[in-house]
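Just so it is clear, the structure is predicted and the values come from calculations on it, not from any experiment.
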Amino acid sequence: MVLDENWVIQMMSESWQEVLGLGQDALRWHPFIEVVHELDREDMIDRLCRIGDELSTVRFSCRCRRSDGTYVGLAWSVSFDPDHMLFYASAHETGVNLSEHEARLPEVFVDGLTGLPNRGLFLDRVNHAMQRAQRNKQLQFAVIHCGIDRFSVINHSLGNRIGDLLLIEIANLLRRSTRPTDMIARLGGDEFGILLEDIKDPTSPVRVIKRLQESCVLPFRLHEHEVFASMSAGMTLNNSHYDHPDVMLRDASLAMNRAKTQGGGGYAMFDRGMHEEALRRLDLELDLRRALERNQFEAYYQPIVRLRDTRLVGFEALVRWNHPDRGLISPAEFIPLAEDSGLIVPIGRWMLDTACAQMRRWQLAFPRRPALTVSVNLSARQLTHPELLPEIRRTLRESGLSPRHLKLEITESAAMEDGERAIELMSALKRTRLKLMLDDFGTGYSSLSYLHRLPIDTLKVDRSFIRHVHDRAADRSFVETILNLAHKLGREVVCEGVELPAQEALLRGLGAEFAQGFLYSRPVTAAQAEMLIIDDLENPGRLLRDISPAPSPQTADTPTRAH
């Protein structure tokens with residue numbers, strides 16, 4: 001509804017006429033206050049008078065009279081356009097019908113932080129849009145579900161206060177970028193919903209999303225901080241398949257999650273395949289929850305060699321899931337699921353126990369062999385787990401493995417998610433004489449200001465930079481720069497994904513200390529890894545690739561990065 005500076009109604013949408021049962025003649029050019037319950041008028045006037053002096057937008061709830069004498073409870077959002085001296089008012093039904101004598105609607109349908117309608121009110125409004133579309137088949141509407149990318153990183157690094165300020169700024173951006181008749185709601189956390197009614201064609205929500213994402217390009221100035229944020233969005237259009245607002249919002253959420261997995265800052269339109277994929281993912285998660293208790297996980301080991309003489313110096317321990325029906329499942333498929341569900345913590349605990357116990361058995365079996373090390377990956381979830389350090393100490397004590405033979409690999413992005421906390425935790429780990437490795441270096445968000453403070457022993461260069469190091473000058477220069485930086489900081493370097501002799505020769509010439517990759521061996525079982533240890537002991541300096549067992553087709557999956 002549009003009001004002039006004297007709060008006289010200038011224009012209203014058709015949905016207003018439906019809700020109140022009043023036509024254009026009964027509403028237009030009449031004072032807005034006439035349709036408001038007399039007991040709510042004083043509060044409403046007080047709120048509207050604050051626009052301009054204190055606030056650009058006000059939110060409140062009140063009762064409005066229908067043509068039949070009953071009242072409908074409405075939650076309002078009113079903003080003022082000083083250039084045209086007009087008030088833009090949008091209101092959303094609460095689903096509560098009130099009599100003339102009932103108390104004014106409590107403000108339980110409005111988000112306390114942003115002042116936007118909340119999830120309950122949003123779903124009620126989507127339901128109302130569905131009912132309108134059922135009566136008029138020509139009407140089209142869309143539901144958009146959007147979320148702030150990497151919001152947890154902002155919260156952890158800058159604090160909840162800055163996170164709250166960003167949410168308020170995003171809420172204001174959404175208001176400015178949509179029509180007064182569109183509904184914006186905060187669904188919870190960093191997620192927002194947008195209901196676009198009376199759209200002309202399916203491209204309308206795409207244009208809205210692109211406008212929102214373009215507005216996120218500039219930094220948000222939040223007190224002393226400049227924060228860059230991007231937004232992912234998913235959308236779905238009304239059709240005959242939808243008979244409940246929850247289902248429509250669920251599908252928009254699935255589309256948003258697809259956009260996030262594609263790198264963030266994009267959008268996706270829902271299709272039926274997303275729902276089927278979600279059901280498969282749910283089935284896989286149920287199986288994953290049973291996998292530990294049913295002993296379906298297996299530890300695989302990929303050798304790490306010293307480039308100077310191609311001697312075996314250790315293994316990286318990698319988890320594989322031997323599903324009873326599907327066989328070996330790639331870690332690229334189940335590790336992200338374990339991360340999202342929190343199952344990565346017990347899986348990580350099992351992996352740590354298994355790898356340390358296995359390395360100790362090899363030490364006892366081959367006392368003449370120079371001590372090998374075993375590297376175990378720590379996930380971002382594990383880094384925030386309060387029992388991480390006590391569990392590592394318990395594992396070392398029970399297995400009998402010396403701390404100097406255990407290396408913990410932490411991905412660059414996980415370390416940078418909360419830089420200060422990562423430094424504190426890694427320092428505590430170092431005091432137990434453990435070796436620390438920064439994994440996937442070059443793919444995360446680290447800065448030199450943090451890198452030189454992280455108490456790490458080794459940098460692992462990500463395989464994406466090694467793949468073309470022998471035939472691309474840019475990749476070669478990048479790896480050479482990392483090597484020079486690491487050596488100046490007193491760190492060693494492991495290069496992952498070495499597959500060609502030319503890559504090995506070039507890395508050795510650049511001064512890299514260690515390498516791992518398919519050139520030497522794929523990840524293998526403990527029994528196969530033991531064969532590698534025996535051969536390295538009997539034939540020191542012999543290239544592992546000459547004797548490493550051929551992997552079965554199931555274990556020869558490309559992604560070797562796993563927990």
Decide if the gap between the ring center of Phe32 and the ring center of Trp7 is smaller than 6.0 angstrom. no
Output yes when a side-chain donor or acceptor of [X] lies under 3.5 Å from a complementary backbone atom of [Y], and no otherwise.
{"X": "Asn238", "Y": "Phe141", "answer": "yes"}
{"X": "Thr70", "Y": "Arg66", "answer": "no"}
{"X": "Arg186", "Y": "Thr114", "answer": "no"}
{"X": "Asn118", "Y": "Leu121", "answer": "yes"}
{"X": "Gln213", "Y": "Gly266", "answer": "yes"}
{"X": "Ser232", "Y": "Gly265", "answer": "yes"}
{"X": "Arg175", "Y": "Ile184", "answer": "no"}
{"X": "Ser177", "Y": "Leu174", "answer": "no"}
{"X": "His30", "Y": "Arg28", "answer": "yes"}
{"X": "Glu191", "Y": "Gly188", "answer": "no"}

Using the salt bridge (charged side-chain N to carboxylate O under 4.0 Å, His left out) rule, take Arg125 and Glu197 through it: C-alpha gap first, then chi angles, then the decisive distance, then the call. CA-CA 10 Å; Arg125 189 62 187 175; Glu197 294 192 78; 3.3 Å; yes
Just how far is it from atom [atom1] of [X] to atom [atom2] of [Y], taken to the nearest 0.5 Å?
{"X": "Glu169", "Y": "Ile148", "atom1": "CD", "atom2": "CD1", "result": "11.0 Å"}
{"X": "Met256", "Y": "Leu254", "atom1": "CE", "atom2": "CG", "result": "9.0 Å"}
{"X": "Met85", "Y": "Asn6", "atom1": "CE", "atom2": "CG", "result": "9.0 Å"}
{"X": "Thr236", "Y": "His145", "atom1": "OG1", "atom2": "NE2", "result": "13.0 Å"}
{"X": "Leu20", "Y": "Ser67", "atom1": "CG", "atom2": "OG", "result": "8.0 Å"}
{"X": "Arg250", "Y": "His244", "atom1": "CZ", "atom2": "NE2", "result": "11.5 Å"}

Any side-chain heavy atom of [X] sitting closer than 4.5 Å to one from [Y]?
{"X": "Met269", "Y": "Leu237", "result": "yes"}
{"X": "Ile45", "Y": "Leu48", "result": "no"}
{"X": "Met235", "Y": "Ile194", "result": "no"}
{"X": "Met426", "Y": "Leu408", "result": "no"}
{"X": "Leu167", "Y": "Phe151", "result": "yes"}
{"X": "Leu288", "Y": "Ile347", "result": "yes"}
{"X": "Asp287", "Y": "Asp325", "result": "no"}
{"X": "Phe122", "Y": "Leu249", "result": "yes"}

Is there a donor in the side chain of Thr203 and an acceptor in the side chain of Arg207, or the other way round, less than 3.5 Å apart?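 Arg207 and Thr203 do have a side-chain donor-acceptor pair below 3.5 Å.
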Ser230 and Asp149: side chain donor to acceptor below 3.5 Å: yes
How close do [X] and [Y] get, counting heavy atoms only, and between which atoms?
{"X": "Ala233", "Y": "Cys146", "result": "CB-CB, 3.9 Å"}
{"X": "Ile456", "Y": "Leu438", "result": "CD1-CB, 3.8 Å"}
{"X": "Pro331", "Y": "Val319", "result": "CB-O, 4.3 Å"}
{"X": "Asp243", "Y": "Met130", "result": "C-SD, 4.3 Å"}
{"X": "Pro386", "Y": "Pro390", "result": "O-CD, 4.1 Å"}
{"X": "Leu86", "Y": "Phe80", "result": "O-CD1, 3.3 Å"}

Check ion pair [X]-[Y] (N to O, under 4.0 angstrom):
{"X": "Arg65", "Y": "Glu34", "result": "no"}
{"X": "Arg47", "Y": "Glu42", "result": "no"}
{"X": "Asp198", "Y": "Arg132", "result": "yes"}
{"X": "Arg289", "Y": "Glu285", "result": "yes"}
{"X": "Glu339", "Y": "Arg381", "result": "no"}

Geometric class of the Phe297/Phe334 ring pair [parallel <30°, tilted 30-60°, perpendicular >60°]: tilted
Could you go step by step and tell me if Phe192 and Leu116 meet the side-chain contact (heavy atoms from CB on, under 4.5 Å) rule? CA-CA 9 Å; Phe192 297 85; Leu116 292 174; 3.8 Å; yes
Can you list the steps and then say if Tyr242 with Asp251 is a side-chain contact (heavy atoms from CB on, under 4.5 Å)? CA-CA 10 Å; Tyr242 293 119; Asp251 289 351; 2.7 Å; yes
Yes or no on side-chain contact (heavy atoms from CB on, under 4.5 Å) for Leu3 and Val8, after CA distance, side-chain angles and deciding distance? CA-CA 5 Å; Leu3 313 176; Val8 173; over 6 Å; no
Might you work through the side-chain contact (heavy atoms from CB on, under 4.5 Å) test for Thr411 and Leu378, ending with a clear yes or no? CA-CA 8 Å; Thr411 63; Leu378 290 183; over 6 Å; no
Would you sort out whether Gln296 and His323 count as a side-chain hydrogen bond (donor to acceptor under 3.5 Å, both in side chains), showing the intermediate values? CA-CA 6 Å; Gln296 294 175 1; His323 193 280; 5.6 Å; no
